[in-house]
Asker: 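Please read through the structure below; I'll follow up with questions.
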Amino acid sequence: MTTPAADKKLESCRICKSKNLIPYFDFKEMPLANRNLSLPELSSGEPKFPLQLLFCKDCGLSQLSMVVSAQFLYEEYPYRSSISQTFQKHCKEIVENLTHKLALKPNSLIVEIASNDGCLLSKFIQAGFQAIGVEPSRVIADEATAKGLPTLCRFWGKSTALQIQREFGTPQLIIGTNVLAHVDNLNAFLDAVNTALAADGYFVFEVPYMVNYIETLEFDTTYHEHLSYFLLSPLKHILESAGFRIIDVEKLNIHCGSIRVIACKKDAAPVASKNVDAFLAMEKSQGFLKEDIYLGFVSRIERLREDLRKLLSSLKQGSKRIAAYGASAKGNVLLNYCGINQETIDYIIDDTPLKQNKFQSGTHIPIVDKSYLVKARPDYLLILARNFSEEIISKTSEYQQAGGHYIIPLPDIKVIESPYGS
Ligand code: TMP
């Protein structure tokens, strides 16, 4: 593992440049949530970085106080979006929804930014569009290309936008799911979208929604890759300053609550739906643009941490064996923040081959494949990839039938006892 290139302390708001930034949640030093360790790396030490959330009093953007270099974060990225059936279904819905809503013509050029292993790209291609992915991780981009999904291995920016124009033409749709939160220089990113996009084209993106984050305690989505935590209000600010207009927004269930935003160029014809003003008004009237709501959030998390620790320690005292499912970044944050380690959790199951036989950063809990559920059957399975709880419970039905129980940690701790006894 290389050591990071320059890390940067945030001097002013990423969107409105205000210095009116209020710190409200400090995790102190945390390891990288998506970086699993090999056996030799366990003894060589691992980097930790401050993880602290700031709220901008002027535009309402929550953001991390420090930026870890993108090259360092993404050089060995283990996340594969295709692993989840829930996300596969979601991608299918995106294609159907946008084809209809934006009246996309067959053969239109579509560009996906941060296309990962091509989960969404493949659905666009199956629907008859010409789709190109842009993905900065070499290994993941090569995997997508090997599956026949055209993918440029690049970070998104002006030169990538110009390359697309030169080599493929002018995109009618540029789309990014779960990428904007990862971007430090939003102005440069959006400027590149504006450069590439057709005059009557659309820019569509999905981001986790800060309203859900606060309401359902999604503090476990706070990690070094996620630099910004969006409301629609600051998004409107930055999109307008980059020459776009928001014409639609809708709430989605994916990743415990996201929004899909549709924007067009500022002088293009589409009329904005009423949803846009309704979202903006709700954010203001419900207090999301004021700091109080954020300051109150922290005590709720501290309570949850205590409750979860108490529950797990009482199970351990009763000689119960506990394992976890989903070596997700979220799970990493939850366990590290709550100080839960291998003394409590025997192993974490993950279906991603690249994660197996490694160790979670910080806690050093081993990550194993699903066969361990039978080989070393636990009494309780803590579902760390809680956004996919239903999918995980249904794929482990044999474990439940054999008397295995589940714990879902958030938004409220929920214990699902096996109906088959223990
Ligand atoms: P995410 O919450 O960041 O999307 O990560 C989910 C993690 O859970 C990822 O490491 C893959 C893992 N996972 C499985 O191993 N099996 C599954 O069936 C699902 C849905 C997720």
Asker: Please indicate whether Lys251 has more than 12 foreign heavy atoms, meaning atoms of other residues, nucleotides or ligands, lying under 6.0 Å from its NZ.
Answerer: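 Result for NZ/Lys251: enclosed.
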
Asker: So, the side chain of Tyr325 versus the backbone of Ile393: is there a donor-acceptor pair under 3.5 Å, distance only?
Answerer: no

Asker: Taking only Lys NZ, Arg NE, NH1 and NH2, and the carboxylate oxygens of Asp or Glu, determine whether Lys101 and Glu250 approach each other closer than 4.0 Å.
Answerer: yes

Asker: Taking atom types as modelled, is there a side-chain donor on Glu135 or Ser115 under 3.5 Å from an acceptor on the other?
Answerer: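 No pair is found: no donor N or O on one side chain lies under 3.5 Å from an acceptor on the other.
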
Asker: Looking only at side-chain N and O atoms, does Tyr213 offer a donor or acceptor that is under 3.5 Å from a partner on Ser62?
Answerer: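 Short answer, no.
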
Asker: Donor-acceptor check, side chain of Thr86 to backbone of Ser84, threshold 3.5 angstrom: yes or no?
Answerer: no

Asker: Less than 6.0 Å separating the ring centroids of Phe49 and His224?
Answerer: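 Ring centres of His224 and Phe49 closer than 6.0 Å.
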
Asker: So, the side chain of Ser361 versus the backbone of Leu32: is there a donor-acceptor pair under 3.5 Å, distance only?
Answerer: yes

Asker: So, the side chain of Asn387 versus the backbone of Cys256: is there a donor-acceptor pair under 3.5 Å, distance only?
Answerer: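 Checked: no pair found.
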
Asker: Grab the two heavy atoms, one from Ile132 and one from Leu121, that are nearest each other, plus how far apart they are.
Answerer: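 Taking every non-hydrogen atom into account, C-CD1, 3.6 Å.
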
Asker: Heavy atoms only: give me the nearest Ser12-Leu10 pair and the separation to one decimal.
Answerer: O-CG, 3.4 Å

Asker: Rounded to the nearest 0.5 Å, how far does CG of Leu304 lie from SG of Cys338?
Answerer: 6.5 Å

Asker: I'd like to know if the side chain of Asn336 pairs up with that of Thr363 as donor and acceptor (distance under 3.5 Å, no hydrogens or angles considered).
Answerer: no

Asker: Whether Arg35 engages the ring of Phe72 as a cation-pi pair (distance to the six-membered ring centre under 6.0 angstrom, angle to the ring normal within 45°) should be assessed.
Answerer: yes

Asker: So does Cys119 get a backbone contact from the side chain of Ser122, meaning a donor-acceptor N/O pair under 3.5 Å?
Answerer: yes

Asker: Does Lys310 pair with Glu306 as a salt bridge, N-O distance under 4.0 Å?
Answerer: no

Asker: Return the OH to CZ distance between Tyr294 and Phe55, rounded to the nearest 0.5 Å.
Answerer: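 One finds 5.0 Å between OH of Tyr294 and CZ of Phe55.
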
Asker: How far does CZ of Phe205 sit from CG of Leu180, to the nearest 0.5 angstrom?
Answerer: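 If we round to the nearest 0.5 Å, Phe205:CZ and Leu180:CG are 5.5 Å apart.
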
Asker: Under 4.0 Å between a Lys/Arg side-chain N and an Asp/Glu carboxylate O for Lys236 and Glu240?
Answerer: yes

Asker: Can the ring centroids of Tyr406 and Tyr380 be said to lie less than 6.0 angstrom from one another?
Answerer: no

Asker: Taking Thr352 for its side chain and Leu354 for its backbone only, find out whether a donor-acceptor pair lies under 3.5 Å.
Answerer: no

Asker: For Phe388, what residues pass the ring pair (Phe, Tyr, Trp, His ring centres under 6.0 Å) criterion, not counting sequence neighbours?
Answerer: none

Asker: Find the distance between SG (Cys153) and CZ (Arg138) and round it off to the nearest 0.5 Å.
Answerer: 4.0 Å

Asker: Would you say Asp191 and Asn187 are linked by a side-chain donor-acceptor pair, where the criterion is simply a distance under 3.5 Å?
Answerer: no

Asker: Counting distance only, does the side-chain N/O of Ser273 pair as donor-acceptor with the main-chain N or O of Asn275 below 3.5 Å?
Answerer: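 Yes; judged by distance alone, with no hydrogens or angles, the pair exists.
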
Asker: With a 3.5 Å distance limit and no angle check, can you tell me whether Asp369 reaches the backbone of Ser371 through a side-chain donor-acceptor pair?
Answerer: yes

Asker: Are Tyr337 and Phe25 an aromatic pair, judged by ring center distance below 6.0 Å?
Answerer: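 Yes - the distance between ring centres of Phe25 and Tyr337 falls below the 6.0 Å cut-off.
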
Asker: Taking only Lys NZ, Arg NE, NH1 and NH2, and the carboxylate oxygens of Asp or Glu, determine whether Asp58 and Lys17 approach each other closer than 4.0 Å.
Answerer: no

Asker: Looking at Asp248 and Arg260, is any side-chain nitrogen of the basic one under 4.0 Å from a carboxylate oxygen of the acidic one?
Answerer: no

Asker: Once rounded to the nearest 0.5 Å, what's the spacing between atom CD of Gln342 and atom CD of Gln360?
Answerer: 10.5 Å

Asker: Salt bridge (charged side-chain N to carboxylate O under 4.0 Å, His left out) with Asp220: which of Arg386, Lys330, Arg305?
Answerer: Arg386

Asker: When rounded to the nearest 0.5 angstrom, what distance separates NZ in Lys358 from NZ in Lys355?
Answerer: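 Reported to 0.5 Å precision, the distance equals 11.0 Å.
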
Asker: Under a 4.5 Å cut-off applied to non-hydrogen side-chain atoms, are Phe297 and Phe219 in contact?
Answerer: yes

Asker: Please check: side-chain N/O of Asp346 versus main-chain N/O of Pro378, any donor-acceptor pairing under 3.5 Å?
Answerer: no

Asker: Taking atom types as modelled, find out whether Gln88 and Lys123 have a side-chain donor-acceptor pair closer than 3.5 angstrom.
Answerer: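 A donor-acceptor contact under 3.5 Å links the two side chains.
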
Asker: Would you say Glu206 and His90 are linked by a side-chain donor-acceptor pair, where the criterion is simply a distance under 3.5 Å?
Answerer: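 Judged by distance alone, the side chains do pair up.
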
Asker: For the residue pair Glu225 and His182, confirm or rule out a side-chain donor-acceptor distance under 3.5 Å.
Answerer: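 On atom types as modelled, these side chains do not qualify, holding no pair under 3.5 Å.
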
Asker: Would you say that Leu312 contacts Ile407 through its side chain, given a criterion of any heavy-atom pair below 4.5 Å between the two side chains?
Answerer: yes

Asker: Should the ring pair Tyr229 and His226 be called parallel, tilted or perpendicular, given that the plane angle runs from 0 to 90° and is split at 30 and 60?
Answerer: perpendicular

